[in-house]
Every structure is written in C-alpha cells, then in structure tokens.
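These notes are about the structure you will find just below.
First listed ligand is number 1; within each ligand, the first listed atom is number 1. Numbering of residues begins at 1 and proceeds along the displayed sequence.
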Amino acid sequence: MGGVNIDWDLLRREAVAMTRRAYAPYSGVLVGACALTGDGRLVRGCNVENASYGLTLCAECGLVSDLAATGGGRLVAISVVAGDGEPIAPCGRCRQLLFEHGGPDLLLDDPDGPVRMDALLPGAFGPGDLDTRAGT
Ligand code: THU
C-alpha cells in the first residue's frame with residue numbers, strides 16, 4: 001500500500017549530523033532535526049541562536065524552511081536530537097510549526113516508539129480552523 005518507507009536509523013543519523021552545524025553559543029544546547037517528506041525527500045535543520053536571545057531559531061524552524069525551499073509537501077516522520085544523540089522534545093512553538101506541515105499523522109521519533117503529532121499537540125489549531133471560522 002502507498003506511503004513512503006521510514007528509515008528511522010537514517011533520520012536519526014542525519015539529525016545527529018545536523019547538530020554539528022548548530023549555532024548555539026548561548027545555551028550550549030546543540031539541536032539537529034531531519035524529516036522524511038511524502039515524496040521521499042529528506043529535509044534538515046539545526047538551531048541558530050542570536051545575541052538577542054528571544055530571536056533564536058529552533059532546529060525545526062530551519063527544517064520547515066528547508067521543506068519549503070526544496071519543493072514543499074508534507075512531513076511524514078521526523079527525528080529531533082540534541083548533541084548527545086538522544087531525542088529532545090520539540091518546544092511548543094515547534095509542535096505548532098510541525099503540525100502545519102505534517103498534520104495529525106506526522107510521526108516523531110521516540111525511544112519508546114514513534115509518537116503521533118496528535119498526541120504531541122492534542123486539540124491543535126490548524127489551517128482547517130481558519131477555513132471554518134473565518135467571517136463567523
Ligand atoms: N531548541 C530547538 O532547536 N528545538 C526545540 O524544539 C527545543 C529547543 C533549541 C533552541 C535553543 O537554541 C536551545 O535548544 C535551548 O533552548
């Protein structure tokens with residue numbers, strides 16, 4: 001049946017490789033992310049901090065930008081890791097970013113097995129809410 005095969009080991013490896021590109025002189029927390037798209041591409045990101053701390057870009061922000069820049073589409077599965085190679089929880093803002101491009105079926109790598117986006121962000125506000133509520 002349809003759908004792309006998810007190579008979790010590859011996603012993890014590529015996410016770890018991205019931590020080496022992170023720019024995190026303020027927190028010292030290196031983060032890398034790699035995701036599989038619906039058409040079989042890999043997209044990647046790393047965190048990029050700023051002297052004005054609140055402007056920090058999370059790894060998932062860079063990944064979503066890579067998604068758009070390389071042709072768009074949907075996120076199917078994602079690995080987000082810290083510099084120690086272990087999964088790190090996506091922050092609240094990034095859950096919202098990922099929901100926009102992956103929806104409730106997006107899978108996040110976790111040591112206990114993949115976690116669905118609708119478990120990470122229950123009752124999410126998304127594009128569908130704009131469609132149904134605009135003008136009401
Ligand atoms: N960070 C991410 O890159 N993604 C997340 O989802 C959690 C937090 C980064 C932002 C900052 O550079 C560092 O981790 C510490 O908060």
*Run through L11, I6, L108 and flag the one making a side-chain contact (heavy atoms from CB on, under 4.5 Å) with S79.*
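Exactly one option meets the side-chain contact (heavy atoms from CB on, under 4.5 Å) with S79, and it is L11.
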Just jot down the ligand 1 atoms closer than 4.0 angstrom to any heavy atom of [X], in number order.
X   : result
S27 : 13 (C), 15 (C)
T56 : 10 (C), 11 (C), 12 (O)
E60 : 2 (C), 3 (O), 4 (N), 5 (C), 6 (O)
A59 : 2 (C), 3 (O)
E49 : 11 (C), 12 (O), 13 (C)

_Protein contact to atom 14 (O) of ligand 1 [nearest heavy atom, distance to 0.1 Å]_ =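 Among all protein heavy atoms, the one nearest atom 14 (O) of ligand 1 is V31 CG2, 3.6 Å.
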*Specify the closest pair of heavy atoms between L42 and D66, including all atoms of both residues, with the distance to one decimal.*
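Answer, listing the atom of L42 first, then D66: O-OD2, 4.4 Å.
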*Closest non-hydrogen atom pair between A82 and I88, with its separation*: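 What the structure gives for the nearest pair is N-CG2, 3.9 Å.
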*asked:* Please report whether atom 16 (O) of ligand 1 has a protein non-hydrogen atom at a separation of less than 4.0 Å.
replied: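 Under the 4.0 Å cut-off, atom 16 (O) of ligand 1 has no protein heavy-atom neighbours at all.
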_Are any of the N/O atoms on C91, whether in the backbone or the side chain, positioned under 3.5 angstrom from an N/O atom of ligand 1?_
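N/O-N/O distance under 3.5 Å: yes.
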*Would you please determine whether P90 falls within less than 4.0 Å of ligand 1 on a heavy-atom basis?*
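For ligand 1, residue contact (heavy atoms, under 4.0 Å) with P90 is present.
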*asked:* Any atom of ligand 1 sitting under 4.0 Å from a heavy atom of A22?
replied: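 No, that is not the case, since the closest heavy atom of the residue is not under 4.0 Å from the ligand.
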Mark yes or no for whether [X], through its side chain, and [Y], through its backbone, hold a donor-acceptor pair below 3.5 Å.
X   : Y   : value
D7  : L10 : yes
T19 : A15 : no
E60 : G45 : no

_Pick from C58, G92, C94: the one approaching atom 2 (C) of ligand 1 most closely through a non-hydrogen atom_ =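 Among C58, G92, C94, the closest heavy atom to atom 2 (C) of ligand 1 belongs to C58.
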*Distance-only side-chain donor-acceptor flag, D39 / T37, under 3.5 Å*: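 Yes, because at least one side-chain N or O of D39 sits under 3.5 Å from a partner of the opposite role on T37.
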_Counting only heavy atoms not in R41 (residues, nucleotides, ligands), do more than 12 fall under 6.0 Å from its CZ?_
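It does: R41 CZ has more than 12 such atoms within range.
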*Between A89 and ligand 1, which residue portion shows a heavy-atom distance shorter than 4.0 Å: side chain, backbone, both, or neither?*
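Backbone only.
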